[in-house]
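Presented below is the structure to which this report refers.
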Number of protein chains: 2
Amino acid sequence: MEFRFANRGDRVATIDDVAKRAGVSKGTVSSVFSKKRPISRQVTERVLEVAKDLGYFPNHVARSLAIKKTMIAGLKMPISKDNTMSGFEIQLINGVIRECSKQGYRVLLDPLPEHDDPTQFSIDPVDGVIMLNPRRQDPRIVRYNQMGIPLVLIGRPDPEDPTVSFVDNDNTNLTLQVGAHLLENGHKSVLFLNAAADMTVASDRQLGLMQAFANSGQPADRVHVMNFSRKINSSATEYGYTALMNMYGQSAFTAVIADTDRVALGVLRAARELGVDVPGELSIIALSNDAILAQEVTPKLTSVELSAERLGAEAAQILIRKMNDMNIVQQSIIETKLIIRESCRRLS
Amino acid sequence: MEFRFANRGDRVATIDDVAKRAGVSKGTVSSVFSKKRPISRQVTERVLEVAKDLGYFPNHVARSLAIKKTMIAGLKMPISKDNTMSGFEIQLINGVIRECSKQGYRVLLDPLPEHDDPTQFSIDPVDGVIMLNPRRQDPRIVRYNQMGIPLVLIGRPDPEDPTVSFVDNDNTNLTLQVGAHLLENGHKSVLFLNAAADMTVASDRQLGLMQAFANSGQPADRVHVMNFSRKINSSATEYGYTALMNMYGQSAFTAVIADTDRVALGVLRAARELGVDVPGELSIIALSNDAILAQEVTPKLTSVELSAERLGAEAAQILIRKMNDMNIVQQSIIETKLIIRESCRRLS
DNA sequence: CTGAAAGCGCTTACAG
DNA sequence: CTGAAAGCGCTTACAG
């Protein structure tokens, strides 16, 4: 009688209900679903039929507790209030999801802010986690270690630590090359619209660019660096727009390096309004996160491909390996590539 | 002795370890962390200290099993092989995440394909689910019902069902208005680059557009409809590009309705290559999913704002309500708005 | 304010 | 091929 209501939502059927109704043990029902041990044809059919009748589906949580595995990978990613996931983040997530689902893992997004109260420390039901934008001396790294949860960073740990796994671009080398390219093309002064100052990528990239100028004997003050600010700038495009509006004519740069394609879009708009021809009078190079976008604007953007998707996929692969063997440590650098299109031209 | 190794990853500390070491019961430790019943200051401190020593963190899975709640909302979203999450999907996810995390819920992405084998039906450890792009007669709807899991659709159920909750744009009305706008501006023939044919939005939108033409007494063959095809088209932009390349000159349309901004980008590029002036010779209206992008291209796109983020947020709100009271049913329509910019002009 | 014990819904040696 | 029972790590009436 009780069963009659099981699929009306009053009470969800459990393995016990199925076992009793089918006249077998719970272990047998379990085996029918998990296929971990062979069950006779007849019993299998009876169990499946009863299960269907009762609307029974195995409880994932109970199963996870028993086998001590959730088959879920956590993606720790702060969500900005201003709603904008960057193209970079999106591609990255895409890479993570693709790789995880290939291996049967689901992905849990946890954007919840970190809490200091230890009794509030958010523990996710995951077998491992991928963490974006680790902070300096990030306390979470040791915490995950204590919890026995495999961890892979996207972005390098600061300070360096040979025991933590991560994937990253070679950000210093990236801007070193961009800088070299600009210098080779006669640009001796550049405006760098960099990422937010508290990100490790921002300092790495600034370093590389300065290096390039130093290498070619240029004075350091030829590089004008600005940083995105969540407080001041309402969006990436607005950042690019405002920056060029304020700086053009103030400093004598002939090229702009934009942190993302969207920043570059803002720069382009400002240039249009100022009547500045790109790339005739001003060159632009974007540190790209959106390959399609870069090719569809006019002029097409010369940009650096960061391969966000590969970063995500690689992080997921390492994590999956690590979930099978906690002792694995792997640190990967994903190549970047400068793609010449139309927005950057030799200074004549 | 055993404890000495607890934070070395050999074995993770449990509530039992803490209870024994602190000389209290498990119930007490539980209460210290959950704060569900008052525990004396001294005991609380001792427990917390021992917990810290042992590197103890409550096990989320065990807790979920006991309280029969995971505080996780599932987002059922097929991931396309070609890696492209559309701007629409991204904003939608953003809305879902924002609203869920406000209420302390995490979000589980489940892009795993549906399996027919009942023993393989993927059950997620979630308290409720938001499902994108429900199919016709979607069997999952009754399945979630059987499992006693609250469900909210994004997109309308087909056939209509007053017992299922969903949020959607009014897609028919949307294209009705776009059509009316074009007709008012003298466009008597239009190329509609619609979404994939198997999506309910595609049929709804086609309906609305035909309606608009019918209302103004135009023959139906003035509307040329194409559908995106995952097999043929490699990307949204490529779809727009190829479509215009193939159709321009073949049929006598003076306006294009593009399914997304990215499709519109492709159309713009094709127009450029064909030497067709937009909006001088050809008007374009995008069913927008990326407000920023629409404003940054040249000419700025006249587009329909779909408010993907609001769709996501609204779905999440309904789901959260529903998780507290299974009996709640709510069906919401999110307004769309035609935003006039530069890419569509009156035919002279 | 605290403890002992049953219960959440599974899995898995062990035994046959 | 199948069953009985212990165990996964929590929570929560119930009793004091």
Side-chain angles (χ1 to χ4, degrees), chain A residues 2 6 11-47 50-51 54-71 119 121-127 147-149, chain B residues 2 6 11-48 50-51 54-71 119 121 123-127 147-149:
Chain A
E2 171 182 13
R11 184 170 151 292
V12 170
T14 70
I15 199 171
D16 257 306
D17 302 328
V18 177
K20 269 180 207 136
R21 203 25 126 105
V24 299
S25 73
K26 298 195 293 179
T28 300
V29 177
S30 174
S31 303
V32 165
F33 279 87
S34 71
K35 291 171 179 148
K36 286 208 181 161
R37 53 183 200 178
I39 301 291
S40 72
R41 214 178 185 328
Q42 310 109 64
V43 175
T44 299
E45 276 170 14
R46 182 148 36 94
V47 167
V50 171
L54 262 37
Y56 167 74
F57 298 96
N59 180 312
H60 184 281
V61 174
R63 173 158 211 278
S64 297
L65 181 59
I67 66 177
K68 295 182 155 199
K69 246 166 162 288
T70 61
M71 294 303 283
T119 150
F121 184 66
S122 85
I123 13 72
D124 292 334
V126 297
D127 295 336
M147 294 193 281
I149 294 183
Chain B
E2 171 180 13
R11 183 169 151 292
V12 170
T14 72
I15 200 171
D16 257 307
D17 301 329
V18 177
K20 269 179 207 136
R21 219 335 161 114
V24 298
S25 74
K26 299 194 293 180
T28 300
V29 177
S30 175
S31 302
V32 165
F33 280 86
S34 72
K35 291 172 181 149
K36 287 208 181 160
R37 52 183 199 178
I39 301 292
S40 72
R41 216 180 184 328
Q42 309 109 67
V43 174
T44 300
E45 276 169 13
R46 182 145 38 94
V47 167
L48 250 26
V50 171
L54 261 37
Y56 167 74
F57 297 95
N59 180 313
H60 185 281
V61 174
R63 174 158 210 277
S64 298
L65 180 60
I67 66 177
K68 297 183 155 198
K69 243 166 164 294
T70 61
M71 294 303 283
T119 152
F121 183 65
I123 13 73
D124 292 335
V126 297
D127 294 337
M147 293 194 281
I149 294 183

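Every chain is numbered from 1 and lettered A, B, ... according to where its sequence line falls, protein lines coming before strand lines. This one's a predicted model, so the numbers in the text were calculated from it and none came from an experiment.
For B:Val47 against B:Val29, the heavy-atom pair with the smallest separation is CG1-CG1, 4.1 Å. Closest approach of A:Val50 and A:Ala22 over heavy atoms only: CG2-CB, 3.9 Å.
In terms of phosphate contacts, B:Lys36 brings a side-chain nitrogen or oxygen within less than 4.0 Å of OP1 or OP2 of D:dT12. For C:dC10, the OP1/OP2 oxygens have no side-chain nitrogen or oxygen of A:Ser64 closer than 4.0 Å. Phosphate contact (OP1/OP2 of C:dT11, side-chain N/O of A:Ser30, threshold under 4.0 Å): present. Contact annotation: B:Ser25 does not reach the phosphate of C:dA4 (side-chain N/O to OP1 or OP2, under 4.0 Å). Taking side-chain N and O atoms only, A:Lys69 has no distance below 4.0 Å to OP1 or OP2 of C:dT11. OP1 and OP2 of D:dG9 both lie 4.0 Å or more from every side-chain N or O belonging to B:Lys26.
For A:Ser40, the listed nucleotide lying nearest its side chain is D:dC1; candidates were C:dT11, D:dC1, D:dA13. You'll find that the side chain of B:Thr28 is closest to C:dG3, out of C:dG3, D:dG9, C:dC10. Across C:dC1, C:dG3, C:dC10, the shortest atom-to-atom separation from the side chain of B:Arg37 is found for C:dG3.
Among the protein residues, B:Ile67 comes within range of the sugar-phosphate backbone only, with heavy atoms under 4.0 Å from sugar or phosphate atoms but none that close to a base.
Atom pair B:Phe57:CZ and D:dC10:C1' shows a separation of 17 Å (rounding to whole Å applied). One can place CG of B:Asp16 at 13 Å from C1' of C:dG3, the figure rounded to the nearest angstrom. When the C1' atom of D:dG9 is taken as reference, atom NZ of B:Lys68 falls 17 Å away, rounded to whole Å. Between A:Leu54 atom CG and C:dG9 atom C1' there is a gap of 15 Å when expressed in whole angstrom units. In this entry the distance linking NE2 of B:His60 with C1' of D:dC8 reads 16 Å, nearest Å. For the pair B:Ile15 CD1 and D:dG7 P, the computed distance is 18 Å after rounding to whole Å. Atom CE in B:Met71 sits roughly 18 Å away from atom P in D:dC10 (whole-Å rounding). Whole-Å rounding puts the A:Glu45 CD to D:dC1 C1' distance at 15 Å.
Taking the C1' atom of each, C:dG16 and C:dT12 are spaced 16 Å apart, rounded to whole Å. Between C:dC14 and C:dC10, the two P atoms lie 24 Å apart (nearest whole Å).
Between the B:Ser30 side chain and the B:Lys26 main chain, no donor and acceptor come within less than 3.5 Å of each other.
Comparing B:Val61 and B:Ser31 against DNA chain D, the residue whose closest nucleotide sits nearer the 5' end is B:Val61. With DNA chain C read from its 5' end, the first of the two nearest nucleotides for B:Leu65 and B:Val43 is the one closest to B:Val43.
Taking the side chain as every heavy atom from C-beta outward, B:Asp17 and B:Arg21 never approach each other to under 4.5 Å. Side-chain contact check for B:His60 versus A:Thr70: every heavy-atom pair is 4.5 Å or farther apart.
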**OP:** Go through the steps to decide whether A:Ser25 and A:Thr28 satisfy the test side-chain hydrogen bond (donor to acceptor under 3.5 Å, both in side chains), and finish with yes or no.
**Re:** CA-CA 5 Å; A:Ser25 73; A:Thr28 300; 3.1 Å; yes
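Using N1 to N3 plus N6-O4 or O6-N4 for Watson-Crick, or N1-O2 and O6-N3 for G-U wobble, each under 3.5 Å, C:dC14 pairs with D:dG3.
A donor and an acceptor atom never sit less than 3.5 Å apart when one is taken from the side chain of B:Arg63 and the other from the base of C:dG7.
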